[in-house]
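This report concerns only the one structure given below.
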2 protein chains.
Amino acid sequence: MITISDIATKANVSAGTVDRVLHNRGGVSEKTAERVRKIVKEHDFKINAVASSLANKKSRTIAVLIPDYSETNTFWKDTRLGVEKALEEFLKFGVKLEVFIFQQFDASSYEAEFQKLIESNPDGAIIAPTFRNETAKHIPKIEANKIPYIFINIDLDGFKNISFLGQQSYKSGYLAGKLMHVSLSKPAVIAVIQTKLNVENNQALSRRIQGFSEYFIKKDHPLELIMVNIDDVLDAEMVKNTLNLELSKINGLSGLFVPSSRASVFVNALNSDLLSKLEVVGFDGTEQNLNSLKEDRISFLISQQSFNQGYNAIKLMVDFLIEKKLPTSKMYSPIEILTKENI
Amino acid sequence: MITISDIATKANVSAGTVDRVLHNRGGVSEKTAERVRKIVKEHDFKINAVASSLANKKSRTIAVLIPDYSETNTFWKDTRLGVEKALEEFLKFGVKLEVFIFQQFDASSYEAEFQKLIESNPDGAIIAPTFRNETAKHIPKIEANKIPYIFINIDLDGFKNISFLGQQSYKSGYLAGKLMHVSLSKPAVIAVIQTKLNVENNQALSRRIQGFSEYFIKKDHPLELIMVNIDDVLDAEMVKNTLNLELSKINGLSGLFVPSSRASVFVNALNSDLLSKLEVVGFDGTEQNLNSLKEDRISFLISQQSFNQGYNAIKLMVDFLIEKKLPTSKMYSPIEILTKENI
DNA sequence: TGTAGTTTCGTGTGCGCACACGCAAATATA
DNA sequence: TATATTTGCGTGTGCGCACACGAAACTACA
């Protein structure tokens, strides 16, 4: 394995000079710099990350801005676990983490935590850009500090994020359509359940619905989609009443499509005689959803491997900060199908 | 972060002594050794892997014994890629790889490569124990040398492998049953295609078939399984003739279940008027299978993330060799469902 | 020509650990 | 008691790199 001082010898300079060239630290005449670069390239020299991180006392801090999870909404739990797993692995390399948690449906909490993130002045940031306008408002500040940032889970256009990790919403909806389709021998009369908060915030959900219905169009299978709106998922009584009332009104209802991660909330609220006739397709392997899946209240879940998203986001950022590897601009997570049988 | 010399100071000894204790190198009185151990435990001191691997010139060699892949059978390609990816990552830590490749259906080639592996005297081994008897014959030799080994893909009982990475065959067959079930509105008349070589060698396949049929039993769905044997998958003409002949004889045939990774071979050989009426469920996302999936000749594939199996096997072994982490004895890969829509 | 300022570079030290070397104290042997 | 042997331990060096310090070499200007 070739070392810096090997390069130095070959270039007739000292190790210090090679070091300056490698780190663009300046103070090297263009002539010798070029000579060194040539030899580095010739031998495909790569800095030994082990030795480098040992010598490098300076630690890099990566800030993470994601929503909180609660007992009833554990969607972001896996992401957190993935992030923490990555931390454990990269601690040796002097990577530190600063996690900022906001309330998923509260824009002001998002802004407040975003502000804290900026003030912590990290070396890199991982952000779940849940609110478009608020994101647009704060991003310039971290760009001004030349802090690289990665978007996770939600893909916003028009930003200079070095990468995005998440799912292709349309495609995952399309797959949901297929799963619903194969499960139904009868005509498809499907209720789509949405909540107010989701409708407002999350364009990913509408893309999923779009993908879902276009699958049926493509397959020439008759489809009747009925939108059912739930105002407040936290109000259990209300959910129960509205849902049972609305769904029982629908003639020949054959399936339930829940484009958010809240499928379990709805199937749990549903009267069992109603539910038993339905195929249910939902998203994300939260604990609650997995339980409903195990107990046959949900037929299929489509999951996006949040754990890996969290893990890989950190990994990409570390590679970028330490080895200057530019990540792919979009990293789409595999669209995973979960059934009772394979969890 | 606490260092060896910190420990040394606290224990009133020198760094060298602490080093001896940590590595059980001997030459330390039991009294001081105990004192050091206590302080190490108190502070939960862990050797800094970065500094350690920098100082440690000695490299560890991991031997890998897996089948070859060919153009028509790329099953083991992903495993190889995963292994190589891991190598790249651990090269910095002085990990070396020695890959031994045998012919998948040739026990003597397995034995020959196994012998070479033993002679190379590696620090650890990753083995796909394709042949039970031959494995039993050679394993004692690597156990005699105290070389830890991991089984991959095929789970044999009665060995002292420190871990197994692979799929739960029964469960994956069971899931295949479900996928076939939901795809069928009619009674299930399923042809199961096997090849002679597979029948002889691979108990995993029969477990898959077992899981498959038990799904239908559990669901009380009438099932008629018809076994179709193909002598030689490599003889394209023969495959074509036998298959079309046998399948056209079956009344009301509704599906094809291929418990091996060769689904693509069979669907490609099948007359399109026969195939168009069938749901096909197979295993493993080989290139050929994925192509057939894309072109709607296969309905579902069940995959076992071979890439990760290869990658993780190396990772586990590295952790074991360097950080002495004992791995879980069984690491079951997620049972992944592949469709045209999510590959 | 002399002095100050600038550019360009070499040297030295330390990151935390592994391991060889060798010294001192304890023990055995004569 | 003198000498050999063993046991227990401290010290020093190097792994490959980052970075501070300061020394030449060169430039500018009076």
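A note on names: the letters A, B, ... follow the listed sequences, proteins ahead of strands, and every chain is numbered from 1. Values in this document were obtained by computation on a predicted structure and should not be read as measured data. Only this structure's heavy atoms are used, side chains among them; waters, hydrogens and symmetry mates stay out.
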Exercise. Starting at the 5' end of DNA chain D, which residue's closest nucleotide do you reach first, B:Asn12 or A:Leu54?
Worked result: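 Checking each residue's closest nucleotide, the 5'-ward one belongs to B:Asn12.
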For this session: Between A:Gly16 and B:Ala15, name the one whose nearest nucleotide on DNA chain D is closer to the 5' end.
Result: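 Comparing both residues, the 5'-ward one is B:Ala15.
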Exercise. Does the side chain of A:Ser52 get closer than 4.0 angstrom to OP1 or OP2 of D:dC17 through an N or O atom?
Worked result: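 So the side chain of A:Ser52 is outside the cut-off, no N or O lying under 4.0 Å from OP1 or OP2 of D:dC17.
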Exercise. Is any side-chain nitrogen or oxygen of B:Ser53 closer than 4.0 Å to OP1 or OP2 of D:dC15?
Worked result: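 For D:dC15, neither OP1 nor OP2 has a side-chain N or O of B:Ser53 closer than 4.0 Å.
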For this session: For a side chain to side chain donor-acceptor pair (under 3.5 Å) with A:Asp284, tell me which candidate from A:Gln304, A:Gln167, A:Gln305 qualifies.
Result: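 The single option meeting the side chain to side chain donor-acceptor pair (under 3.5 Å) with A:Asp284 is A:Gln304.
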Given [options], which nucleotide is nearest the side-chain atoms of [X]?
X       : options                : result
A:Thr3  : D:dG10, C:dA18, D:dC17 : D:dC17
A:Ile47 : D:dA18, D:dG16, C:dG10 : D:dA18
B:Ala55 : D:dC17, C:dC17, D:dT11 : C:dC17
A:Asn56 : C:dC17, D:dG10, D:dC19 : D:dC19

For this session: Go through the structure and list residues passing side chain to side chain contact (heavy atoms under 4.5 Å, CB included) with A:Ser120, not counting sequence neighbours.
Result: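 Listed in chain order: A:Glu98, A:Phe100, A:Pro122.
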For this session: Find the distance A:Ile2:CD1 to D:dC15:P and express it as a whole number of Å.
Result: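 Those two atoms, CD1 and P, are 15 Å apart.
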Problem set entry | For atom CD of A:Glu34 and atom C1' of C:dT8, their distance in whole Å |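 Spelled out: CD on A:Glu34 to C1' on C:dT8 is 17 Å.
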For this session: Assign B:Asn48 to base, sugar-phosphate, or nothing according to its heavy-atom contacts below 4.0 angstrom with the strands shown.
Result: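 If one applies the 4.0 Å heavy-atom cut-off, B:Asn48 turns out to touch the sugar-phosphate alone, with no base involved.
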Exercise. Can you list, by residue number, the residues of residues 20-32 of chain B that have a non-hydrogen atom closer than 4.0 angstrom to DNA chain D?
Worked result: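 DNA chain D contact set from residues 20-32 of chain B: B:Arg20, B:Gly27, B:Val28, B:Ser29, B:Thr32.
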Exercise. Nearest heavy-atom pair of A:Met317 and A:Tyr149: which atoms, and what distance?
Worked result: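 Scanning both residues completely, I find the closest heavy atoms to be CE-CA, 4.0 Å.
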Exercise. Distance from B:Leu165 atom CG to B:Ile152 atom CD1, nearest 0.5 Å?
Worked result: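 Nearest 0.5 Å value for the CG-CD1 distance: 6.0 Å.
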Problem set entry | Residues A:Lys141, A:Glu119: salt bridge by 4.0 Å N-O rule |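 No, no charged N to carboxylate O under 4.0 Å.
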For this session: Using the six-membered ring wherever Trp is involved, compare the ring planes of A:Phe114 and A:His138 and label them parallel, tilted or perpendicular (cut-offs 30° and 60°).
Result: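 Rings of A:Phe114 and A:His138: parallel, under 30°.
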For this session: Would you please indicate yes or no on a ring centroid separation below 6.0 angstrom for A:Phe102 and A:Tyr110?
Result: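 Under 6.0 Å, so yes.
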